[in-house]
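Every chain is numbered from 1 and lettered A, B, ... according to where its sequence line falls, protein lines coming before strand lines.
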Amino acid sequence: MDTTKKVDLSISGFGVAPGGDYGAVRISGRGKITGDITCTELIINGSADAMGAVSCGRLHINGEAGIHGDLKAEELKVRGSGDFKANVAADDLSVSGTAHAEKSVTAKTAKVSGSVHVKGDLSADSFSSSGMFEVDGLLSADSVNITLDWSTSKAREIGGERITAKVGVAGLSVLRTIFTLGTHTPRLEADSIEGNSVWLEQTRARVVRGHDVTLGDGCDIVLVEYSGTLHKSGNVRVGEERKLG
Amino acid sequence: MDEELISKKELLELTKISYGQLYRWKRKGLIPEEWFFRKSTYTGQETFFPRSRMLTRVSRILSMKEDVSLDDLADAFSPEAPASPDADTLTRRGIVSADAMRLYLEGHDGSPLSFDDALHAYLFSQVLMSGELSLDEARLMLDTLRTAAIRFQKTPAQVLLMRKLGVFGCVALTAGNDALPDKDTRLIRRLDLTAAAEELKLKLL
C-alpha cells in the first residue's frame, strides 16, 4: 500500500493543472486538468474540464464539469451539471442536477432526482428515479423503481427483476395540471419492458413481458406476454395479451 | 459465420431462467455483449443469441452459481488467461491425472507452467485417460498444440484428432475454419480449445 501523503490541489480563480496522483482536489473558479487524474476526492464548485480519465473516491459536481475520459468513482454526486464524454462507473451514483453521458453508465446504486440522459446503457444493481431520465440503450437493474411526477422518462429497453413505475404525489395533483396547463404529463415510454415482476402506471410500451404483470391507470401497451399473472385496473389499453407456458 | 439463433423468449422457456437472471448475468459480463443480436421480427425488434453457445453458457452458469460468486464466474468466462496454476495443484485437484502430468513434464522444458501449458496438460490427460489415443499419439497431439500456438501466435480454436487405416493424425485449426477429411479418415474427437479453456478455468475456481 502506498503510504506517502498525496498532494492536495486547489484551483480558485483561473487555473490549469496537469494530470497525476493527488489527494483532495478542489476547483472553485474555472479549472482545467489536462491529463489523467487519480485522486481521493474531486470537488467541483465552479466550472471544470478534465481532459483525461478520472479515477477518484468521491466526485462531487456542484457547479459544472466536463469529463472527457473514462470516469471511475466510488461516489459520484451531480448536483450541478455533468457532461461525461466516455464511460462512467460509480458505486454510488446520484444525480439531483443534470447529467449527460455520451456512452454507458454502470453503478451499484443509481438515484435520479434531477435529469439524466444516457446515450448508451445504464446498468445498476438498483436504480431509482423520481426525476427524469432518457436512456437510448438498455436500462437494466435488479430493481428498477420509477416515480413519475412531472415529466416523461424514456428508455429503449428496460430489464430486470422487479420493475415498477408509479405516479407520485406531485403527478397526481390537480394543481399540477392547472399550473402547467396539462403540458407536464407524468409518463414512461419504452420499446420493451421485461422483468420477473412488472408494475406499471402511465406507461406507453410496445411490449411488456414478465412473470407477474400489473398494469394501472394510463397504460397503453401493444403486446403483453406473461407466464404467471396479469392484473389490470383503471384506464388501461392493451393491444394483445398472451399467456405463456 | 452462419450460426443458428435462439430468441430470448425461447431461451427463457427452455432453460427456466428469469428475466432478472438474464439481465443480471449480462450486467456482470457472464454473457458477452456481442451475443445479443437485435433483429426485426413481425412483432418488432427482438433479441436473439447464438443458440448452442448460449445454451452451453447458461447451463454452465446454472451448474456453478450456488457456490461461486458471479464475479469469479465472469473472470472464468473472460478470454483473458488467469494466473497460471502449478503442476501440483492440477494433479491434487484431479484436473490432470498424476501419470499424465508426469509424462507431460517429461516433454516440458522445466519452466513454470503457463495457462496454455496447463490447458495442454489437461487435454493430454483427457485423451490418455479416455483411452482414445496411445501415448505416442497423445505426444504428437501435444506437439501439434505447441507448434500451432507458436505458428498462429495464439492457441488454436480446435484440434481434430483423426485416424485413417489405424494411423493417427491431427490438425489444428484457427477460429471459424473447418476441415474436411477424406472418406476413409475417422474423426476420433474434436477438441474445442475455447470451451476446454473455460472448463479448466471453472475447475480452477
Less than 4.0 angstrom from a charged side-chain N to a carboxylate O is my criterion; do [X] and [Y] meet it?
X         : Y         : value
Glu132(B) : Arg163(B) : no
Glu194(A) : Lys8(B)   : yes
Arg190(B) : Asp178(B) : yes
Asp143(B) : Arg146(B) : no

Toward chain B: residues of [range] with heavy atoms under 4.5 Å:
range                       : answer
residues 119-128 of chain A : Asp121(A), Ser123(A), Ala124(A), Asp125(A)
residues 200-214 of chain A : Arg206(A), Arg209(A), Gly210(A)
residues 73-91 of chain A   : none
residues 135-144 of chain A : Leu138(A), Ser140(A), Ala141(A), Asp142(A)

Under a 4.5 Å heavy-atom cutoff, which of Arg24(B), Lys26(B), Glu13(B) has the most pairs with chain A?
Arg24(B)
Contacting region of Glu157(A) [heavy-atom separation from chain B under 4.5 Å]
side chain
For Leu244(A), is it the side chain, the backbone, both or neither that has a heavy atom under 4.5 Å from a heavy atom of chain B?
side chain
Pairwise side-chain contact, [X] with [Y], heavy-atom cut-off 4.5 Å (strictly under):
X         : Y         : answer
Ile188(B) : Phe168(B) : yes
Met54(B)  : Ile31(B)  : yes
Thr144(B) : Thr147(B) : no
Leu193(B) : Leu145(B) : yes
Thr229(A) : His231(A) : yes
Leu187(B) : Met162(B) : yes
Ile17(B)  : Trp25(B)  : yes
Lys6(A)   : Asp21(A)  : yes

Rounded to the nearest 0.5 Å, how far apart are OG of Ser97(B) and CD of Gln126(B)?
11.0 Å
Tightest non-hydrogen contact, residues Ala165(A) and Leu188(A), listed as CB-CD2, 3.7 Å
Considering all heavy atoms of both residues, which atom of Val159(B) and which atom of Cys170(B) are nearest to each other, and what is their separation?
CG1-CB, 4.4 Å
Answer yes or no: does atom NZ of Lys243(A) have more than 12 heavy-atom neighbours from other residues, nucleotides or ligands under 6.0 Å?
yes
Is the number of heavy atoms from other residues, nucleotides or ligands within 6.0 Å of CZ (Arg237(A)) greater than 12?
no
Taking the six-membered ring for Trp, are Phe37(B) and Phe49(B) ring centroids under 6.0 Å apart?
no
